[in-house]
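Report on one structure; see the data block that follows.
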Amino acid sequence: MDKYEQVIELAKRRGFLWNSFELYGGTAGFYDYGPLGSTLKRRIENIWRQFYVVREGFMEIETPTIGIEDIFVASGHVGGFSDPLCECEQCGEAFRADHLIEDYVAVADALTNEEVDEMISKYDICCPECEGKLGKAKEFNLMFETSIGPGNGKPGYLRPETAQGIFIDFQRLARYYREKLPFGVTQIGKSYRNEISPRQGVIRLREFTQAEAEIFIHPQEKTHPEITAVENDLIILYSDKAQERGELEEMTIREAIDNNIIAHEFLAYHIALTNRFLKRIGISPDKLRFRQHKKDEMAHYAIDCWDGEIKTSRFGWIETVGIADRTDYDLNAHTKMSKNELAVYIEYDEPKMVKKFAVKPDMGKLGPLFRKKAKDVAEALKQLGPEELEKDDDIKVLVNGEEVSVPKDVVSAEEVEEKISGETVVPHVIEPSYGIDRIFYTLLEHAYETEMAPTAEDEKEEERILLKFKSEIAPIQVAVLPLMKNSDELVNKGRQIVSNLKDMGLMVAYDDSGTIGRRYRRNDEIGTPYSVTIDYDTLEDDTVTIRERDTMKQVRTHVSDLEGNLEKLISGNMVFEEAGSPL
RNA sequence: GCGUUGAUGGUCUAGUGGCUAUGACUGGGGCCUUCCAAGCCCUAAACCCGGGUUCGAAUCCCGGUCGACGCACCA
């Protein structure tokens, strides 16, 4: 068994991950998070909230997982998120239809399927594999389609990313943040893509969890006020240029900015933040890198994009976080589609006085003269400069393609000084987008370890499986284990300690079944960082032992100190040796 | 979607036309047991689904589902 299989086997056996719909045979691309899995996932999400919502102040919102058609027409997902496929009728191979004809037409991906079919018969294009006849082009859209309401309700789609829900709330959100840039908004939730071929367990799913932040910044101000806090962080980069050389580079955030490796400071700050987050939850630093999208793989609207990639044993480096500068693409797209201006008005520090030539048509005279056309004529006149007005003849303007002659006396003009106190700005969007399920898997894999451990018998060792979770994310934080099950005093004491620890909000497991060694191993396997054992000394002097998962070492501590010590241990504010006297 | 390949208790696995389907680990109950999967007793639990061939199918054939790998795909 390779590591992937070992990890998945453990995850299945212990209740982290299960194939969905197993009872009915299962369906590819869907996974259930079991009891320990949901808990672990929630802990990852909560630390993410700690970073982005609490620390950065990007408030979280929740929008529907179903969206109406207009949203995805505007975002480009209806048109662009699908690929026309042609299947060979002879060998059955499927090809991208637009790729087949791109040698013959300039804009292959802009054609309808019917036009693609015409092209294929016109140029007599055959299957590149076997020269067989190609079938008709079929659209394969990666969005799940549904209809809203009864009958032929209006079309809807399951969202392919959480981001659009934030963009379309832009006006409300800008108002909430009192029209000031920058501001950020987050959302954690499910997204859906009808993948052609979901593979690799939880790496490519049809329903998956995203944690996304959309940060709206001034397009001319891409510095970051807190950059000094992270500029000395070391990161492993795999830039466009480094990829050509094929080697990773380690440098500080400051160096990456100064050498123009990362497009700008704001993006660099967020790469640093992602780096910190992934390390905080327990991703091995040596299996983490940031890879820059090459020019040709970047979405056409993005300026710069970096993927946080994590190394796995079977799949190599996998993309788990994308950090992109999406520019004003999405806001513009929704502005165009909805005919609502998605922008903010930014006041200048000092109002600017601007000299301007102003044409003032006399509407009292224009009206009777041109009647219905008067308004259009006035608009046309306003566009004119001084030289056109200073001619001796009547003024000639084009109105709706028709030349109109306007007497000079209906127009006056003057040089005015105008006060401009601000401007309308369409913000640029910086987007860190996390694939939580992928992070979940890599975390399991990086935490998974086996080692030889002593047994009760002398000289004999056995393999021990453990998940070395950071105590902050371990699903079960403390196990309480009475040494003997057949002693009512030990059991009662154990139950009382459990109750106290639960009151602290800890996730506690109580286990009195089997030998103590077996119970330790059970908890090692699910990554419980600490075990509290009640023994006969406890009944004498009210002390218990705390066992540390990774070292199997124990300390003895007084019950009155137990809660405080465990809290400090779990939050990382106490080293184990200080939690009691060594055994 | 195509090709290759596989699918047996919770997990791993034996069985390749023939009695109530093998074993280990795990789980549950008990005995014993004073700190790292000990021992003993009891117990629960499986042939992916649907057709076909056959007196008889977990086993052979066909189709489907799911998994792995390769191709394609991955805004």
Side-chain angles (χ1 to χ4, degrees), chain A residues 1-2 4-6 8-15 18-30 34 72 75-83 85-88 90-96 99 109 127-130 135 138 140-143 160-161 163 193-201 203-204 297-302 314 318-319 322 324 326 329 453-458 460-466 481-487 490 513-525 531-539 544-545 547 549 551-554 556 583:
Chain A
M1 279 214 287
D2 73 359
Y4 172 81
E5 282 174 287
Q6 291 177 320
I8 290 295
E9 189 268 313
L10 171 62
K12 202 190 277 184
R13 193 159 42 81
R14 288 301 194 187
W18 296 320
N19 271 305
S20 296
F21 324 127
E22 224 175 3
L23 186 64
Y24 290 104
T27 296
F30 298 92
F72 302 116
S75 71
H77 287 101
V78 168
F81 204 57
S82 64
D83 298 314
L85 290 183
C86 270
E87 251 177 61
C88 171
Q90 189 172 304
C91 69
E93 197 71 41
F95 303 94
R96 284 277 295 271
H99 289 180
D109 50 2
C127 169
E129 287 285 315
C130 72
K138 286 183 296 189
F140 190 88
N141 193 292
L142 260 31
M143 284 193 294
E161 59 176 8
R193 296 178 190 182
N194 201 0
E195 296 286 350
I196 299 172
S197 168
R199 288 280 176 86
Q200 307 169 330
I203 307 296
R204 168 161 291 142
E297 73 178 293
M298 204 150 32
H300 57 282
Y301 49 81
R314 185 186 277 198
I318 59 168
E319 171 195 341
R326 290 178 78 134
Y329 178 85
T455 66
E457 284 176 67
D458 286 345
K460 204 181 149 208
E461 290 200 321
E462 255 185 20
E463 191 179 69
R464 163 172 101 113
I465 297 174
L466 64 164
L481 316 170
L483 192 59
M484 287 298 144
K485 187 184 185 176
N486 56 9
S487 157
L490 292 181
S513 121
T515 62
I516 190 70
R518 180 185 293 276
R519 285 177 274 160
Y520 286 147
R521 294 301 162 80
R522 268 204 282 255
N523 279 291
D524 290 342
E525 211 176 47
S531 298
V532 172
T533 308
I534 294 106
D535 57 21
Y536 289 98
D537 290 353
T538 310
L539 304 177
V544 291
T545 67
R547 171 193 182 264
R549 175 197 63 209
T551 60
M552 299 190 282
K553 284 185 182 150
Q554 287 180 293
R556 183 166 282 278
L583 283 194

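The figures here come from the full heavy-atom set of this structure, side chains too, leaving out hydrogens, waters and symmetry mates. In what follows, chains are A, B, ... by sequence order, proteins preceding strands, each numbered from 1.
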**Request:** Compare side-chain N and O positions of Arg518(A) against OP1 and OP2 of U26(B) and report whether any pair is under 4.0 Å apart.
**Result:** yes
**Item:** Minimal non-hydrogen separation, Pro482(A) against Arg519(A), with atom names
**Value:** O-NH1, 2.8 Å
**Gap between atoms CZ and P, on Arg521(A) and G27(B) respectively (whole Å)** = 13 Å
**Asked** Donor-acceptor pair under 3.5 Å: do we get one between Glu9(A)'s side chain and the base of C12(B)?
**Response** no
**G17(B) versus C55(B) - spacing of their C1' atoms, nearest Å** = 12 Å
**Message:** Could you report the tightest heavy-atom contact between Ser487(A) and Tyr536(A), atom names first, then the distance?
**Reply:** CB-OH, 3.9 Å
**Request:** Could you let me know what U5(B) is paired to, Watson-Crick or G-U wobble, both distances under 3.5 Å, or none if it's on its own?
**Result:** G67(B)
**Message:** Keeping Arg556(A) on the side-chain end and Leu583(A) on the backbone end, is there a donor-acceptor pair under 3.5 Å?
**Reply:** no
**Prompt:** Do the side chain of Arg193(A) and the main chain of Pro160(A) share a donor and acceptor less than 3.5 angstrom apart?
**Reply:** yes
**Complete:** Of U11(B), G28(B), C36(B), the nucleotide closest to the side chain of Ser513(A) is G28(B)
**Asked** Rounded to the nearest Å, what distance is computed from the CZ atom of residue Arg13(A) to the P atom of nucleotide C12(B)?
**Response** 9 Å
**Prompt:** Looking for any heavy atom pair under 4.0 Å, which part of the strands does Gln554(A) touch: base, sugar-phosphate only, or nothing?
**Reply:** base
**Message:** What's the gap between C62(B) and A68(B) when it is taken at their C1' atoms, as a whole Å value?
**Reply:** 23 Å
**Request:** Mind calculating the distance between CZ (Arg464(A)) and C1' (C25(B)) to the nearest angstrom?
**Result:** 19 Å
**Complete:** Correct closest heavy-atom pair for Pro454(A) and Met552(A) would be CD-CE, 4.1 Å
**Message:** Within the 4.0 Å heavy-atom criterion, would you say Glu525(A) contacts the bases, only the backbone, or no part of the nucleic acid?
**Reply:** base
**Asked** Side chain of Glu462(A): nearest nucleotide among A37(B), C35(B), C66(B)?
**Response** A37(B)
**Prompt:** Between the side chain of Arg518(A) and the main-chain N/O of Ser513(A), is any donor-acceptor distance below 3.5 Å?
**Reply:** no
**Prompt:** Which part of the nucleic acid does Gly201(A) contact within heavy-atom distance under 4.0 Å: base, sugar-phosphate only, or nothing?
**Reply:** sugar-phosphate
**Asked** Out of C66(B), C35(B), G27(B), which nucleotide sits closest to the side chain of Ala28(A)?
**Response** C66(B)
**Item:** Tyr4(A) side chain near A68(B) phosphate (N/O to OP1/OP2, under 4.0 Å)
**Value:** yes
**Asked** Pick one for U16(B): is it syn, with its angle within 90° of 0, or anti?
**Response** syn
**Request:** Looking only at side-chain atoms of Ser197(A), point me to the closest of G1(B), G67(B), U34(B).
**Result:** G1(B)
**Request:** Could you pick out which residue, Met484(A) or Glu22(A), lies toward the 5' side of RNA chain B when each is mapped onto its nearest nucleotide?
**Result:** Glu22(A)
**Item:** Thr515(A) side-chain N/O to A37(B) phosphate OP1/OP2 under 4.0 Å
**Value:** no
**Message:** Whole angstroms only, please: what is the CG-P distance between Asp537(A) and C35(B)?
**Reply:** 11 Å
**Item:** Sugar-phosphate only, base, or nothing, as touched by Ala453(A) at under 4.0 Å among non-hydrogen atoms
**Value:** nothing
**G56(B) to U16(B) separation - C1' atoms, rounded to the nearest Å** = 16 Å
**Request:** Over all heavy atoms of both residues, which pair between Ser531(A) and Leu481(A) is shortest? Give the atoms and the distance, please.
**Result:** CB-CD1, 3.9 Å
**Item:** Atom C1', compared across A46(B) and G9(B): separation rounded to whole Å
**Value:** 4 Å
**Item:** Pairwise P distance, A7(B) and C42(B) [rounded to whole Å]
**Value:** 33 Å
**Sugar-phosphate only, base, or nothing, as touched by Thr27(A) at under 4.0 Å among non-hydrogen atoms** = sugar-phosphate
**Request:** Considering only atom C1', compute the distance from C69(B) to U13(B) and round it to an integer number of Å.
**Result:** 22 Å
**Prompt:** Mind checking the C1' distance from C66(B) to U54(B)? Whole angstroms is fine.
**Reply:** 29 Å
**Complement of A14(B), any strand, by Watson-Crick or G-U distances under 3.5 angstrom** = none
**Asked** Using atom P of each nucleotide, how far apart are A57(B) and U53(B) to the nearest Å?
**Response** 11 Å
**Message:** Do Thr545(A) and Arg547(A) have side chains that approach each other closer than 4.5 Å (heavy atoms only, starting at C-beta)?
**Reply:** no
**Request:** Looking at every strand, decide which applies to Arg314(A) at a 4.0 Å heavy-atom threshold: base, sugar-phosphate, or nothing.
**Result:** sugar-phosphate
**Prompt:** Is a donor-acceptor contact shorter than 3.5 angstrom present between the side chain of Asp535(A) and the base of C35(B)?
**Reply:** yes
**Integer-rounded Å distance: C35(B) P and Arg547(A) CZ** = 14 Å
**Asked** Roughly how many Å is it from CG in Leu142(A) to P in G1(B), rounded to a whole number?
**Response** 14 Å
**Request:** Select from Arg522(A) and Tyr536(A) the residue whose nearest nucleotide in RNA chain B is closer to the 5' end of that strand.
**Result:** Arg522(A)
**Given C36(B), U34(B), A68(B), the nucleotide with the shortest approach to the side chain of Tyr520(A)** = C36(B)
**Message:** Between P on G30(B) and CG on Asn486(A), what's the gap in Å once rounded to a whole number?
**Reply:** 11 Å
**Pair partner, C19(B) [Watson-Crick or wobble, under 3.5 Å]** = none
**Request:** Hunt down the Watson-Crick or G-U wobble partner of C31(B), both distances under 3.5 Å, from any strand shown, or write none.
**Result:** G39(B)
**Item:** Nucleotide C35(B), atom C1' - distance to CZ of Arg519(A) in whole Å
**Value:** 9 Å
**Item:** Phosphate OP1/OP2 of C36(B) contacted by Lys553(A) side-chain N/O (<4.0 Å)
**Value:** no
